[in-house]
Amino acid sequence: METKIEEQPTIVDTAKLALAIVVVLAGLVGYYYFADASTLLRAVAVLLAVAVAAVVAFTSLQGRLLWKFIQGARVELNKVVWPTREETLQTTLVVLLVALIGGVFFWLLDVFLLWLTTRVTGQGVV
């Protein structure tokens, strides 16, 4: 019998996530603090800060669990049988046709009920 022991996040994992948040915030603050510098340079600095924060976050337990989830999702995504271009086009045309038919039907129903209401009550457009 195999038992699976779940790991619990430690204070170090929480500190890593807090550090990742601080790194991202520092990148954003730096972007606005150095407003006189090149916009491209500031944007690259923010992207670099986000990348460093991601590396730090993925070293925590929560980050590793997220990475496992992403990998599992990719495996499941590869199992999906995607429709061909022709099937997608046919399905789209059927949906548009049904929507058009429904729209015309309800428009005609509205016109008929308006006509019926004006005849019964004698009010409205004659």
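It should be emphasised that the depicted structure is a prediction, and the values quoted were computed from it without experimental measurement.
- For the atom pair OG1 (Thr14) and CG (Leu19), the distance works out to 12.5 Å, reported to the nearest 0.5 Å.
- Considering only heavy atoms from C-beta on, Leu93 stays 4.5 Å or farther from Leu97 through its side chain.
- By the criterion of side-chain heavy atoms lying less than 4.5 angstrom apart, applied directly or through intervening Ile, Leu, Val, Met, Phe, Trp or Tyr residues, Trp115 is grouped together with Phe105 in one hydrophobic cluster.
- For the residue pair Asp13 and Leu61, the shortest heavy atom distance occurs at OD1-N, 3.1 Å.
- Val95 and Leu100 fall into different hydrophobic clusters, where Ile, Leu, Val, Met, Phe, Trp and Tyr residues are linked whenever their side-chain heavy atoms come under 4.5 Å apart, directly or through other members.
- Not one N or O on the side chain of Ser60 forms a donor-acceptor pair closer than 3.5 Å with the backbone of Val56.
- Among residues at least two apart or in separate chains, ring-ring contact (aromatic ring centres under 6.0 Å, His included) pairs with a member in residues 58-104 are Phe58-Trp67.
- Put simply, CG on Leu116 and CG on Leu109 are 10.5 Å apart, with the number rounded to the nearest 0.5 Å.
- Under the 4.5 Å side-chain criterion, counting only non-hydrogen atoms from C-beta, Gln62 is in contact with Leu17.
- Annotation for Ala20 and Ala57: closest pair CB-CB, 4.0 Å, computed over non-hydrogen atoms.
- Both the sub-6.0 Å distance and the 45° axial angle are satisfied by Arg42 relative to the ring of Tyr31.
- With Glu86 as the partner, the side chain to side chain contact (heavy atoms under 4.5 Å, CB included) test is satisfied by one option alone out of Leu89, Thr88, Thr84: Thr84.
- Residues Val46 and Val24 share a hydrophobic cluster, clusters being chains of Ile/Leu/Val/Met/Phe/Trp/Tyr side chains in contact below 4.5 Å.
- Residues Glu87 and Pro83 come closest through the heavy atom pair OE1-CA, 3.2 Å.
- For the pair Asn78 (side chain) and Val75 (backbone), a donor-acceptor distance under 3.5 Å is absent.
- Hydrophobic clustering (side-chain heavy atoms under 4.5 Å, transitive across Ile, Leu, Val, Met, Phe, Trp, Tyr) keeps Leu47 apart from Leu40.
- Atom-to-atom distance recorded for Thr117:OG1 and Asp110:CG is 9.0 Å, nearest 0.5 angstrom.
- Partners of Lys79 by salt bridge (charged side-chain N to carboxylate O under 4.0 Å, His left out), not counting sequence neighbours, listed by chain and number: Glu76.
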